[in-house]
Amino acid sequence: MVCCKACYSLKIPGTWLEFSDLESSVSHFVTESIEWNSEIGKNTSNLILKQLDPQKFRVNIGCEGDYQGLLLDANLKTEVQIKFQVCQTCSRLAGGYYEAILQVRTKRKEILNKAVEEIYNLIDSGPSEFFTTESGPVRGGYDFQLSSTDKARTISRDLMVKYGGHVTETNTLVGRKDGRDLLRHTFGVRLPSIGVSDYLFLDDKVWKVLRIDRRRTKLIMLSSPFHQKMVEVDTLRNAPLLDSPLEVQVISHRNSEYLLLDPFTLQTVEAISPKDWKGNNVLALRYGIETYFVWD
Ligand SMILES: [Zn+2]
């Protein structure tokens, strides 16, 4: 059998099969090599492996099968000689191979951290031929060298759908192979500095970000008359973002008249809930020296 010496993948015609260790790779090879009579049903095989040296295993195989209602068994013994090579994935990884560069840019650190963590999760949970040879923080964002252009494109698109922003794709010619141009793709993903559920201060009011659709965002005003509006994300560049809201303790209430404890000043405040308010959470946001209550 031919096996990758770095990752124990087994070479089969046309591709490499992944295994977590050498024994699993050998077991698969042996099991697949057993030739069964075509009239045998319910066939099972049990393997006992013994490693004789780094490239040799002795294998005992207990075989059982049903032949026209008769249970038959047989014991086989064999030795497997392993020839080690390096699979395509491992040789690319060792050679620093990459097809695409993914550049994530945003002015907001929390959003960058979230996006970077998501990209690493996608790489870790993806097939082994999808990997990053080099990645790390750069000024204004984070760069990944990736082994697959298609995956880099999918990730860029998914980030844009989730966070808004936009993607640019550029190519550079890096050589020729078999008469074809070899291109390296660079995906520049620019994410906005606001995210869904952020609170911001605009025109003397507190607004909440309901959703982001590429370069546009839908906001709702958190006080009467609770307007909603779509705006270009870029126009919010100078709108102050507010810290996460704190929960407010309701001291007492009668109908729509409430006595609240301001969590920032620890003073009691009289407030009127919005008409027909049926929520059960009151939140508080601070901007400057003012506390804003949100009837959630
Ligand atoms: Zn390998």
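Read the numbers this way: they start at 1 and go in the same order the structure lists the ligands and their atoms. No experiment lies behind these values; they were computed from the predicted model shown. These numbers come from the heavy atoms of this one structure, side chains and all, not from hydrogens, waters or symmetry mates.
With Glu232 as the fixed residue, the salt bridge (charged side-chain N to carboxylate O under 4.0 Å, His left out) test singles out one of Arg237, Arg216, Lys218, Arg215: Arg216.
Atom CD1 of Ile289 is surrounded by 12 or fewer heavy atoms from other residues, nucleotides or ligands within 6.0 Å. Surrounding OH of Tyr8 are at most 12 heavy atoms belonging to other residues, nucleotides or ligands under 6.0 Å away.
Counting only distances under 2.8 Å, and ignoring water, the protein N, O or S atoms around the Zn ion (ligand 1) are Cys4 SG, Cys7 SG, Cys87 SG, Cys90 SG.
Using the six-membered ring where Trp is involved, Phe187 and His185 have ring planes that are parallel, under 30° apart on the 30 and 60° scheme.
Trp295 does not carry Lys278 over the face of its six-membered ring by the limits of under 6.0 Å from the centre and within 45° of the normal.
We find that Lys151 and Asp158 are not joined by a salt bridge, their nearest charged nitrogen and carboxylate oxygen being 4.0 Å or further apart.
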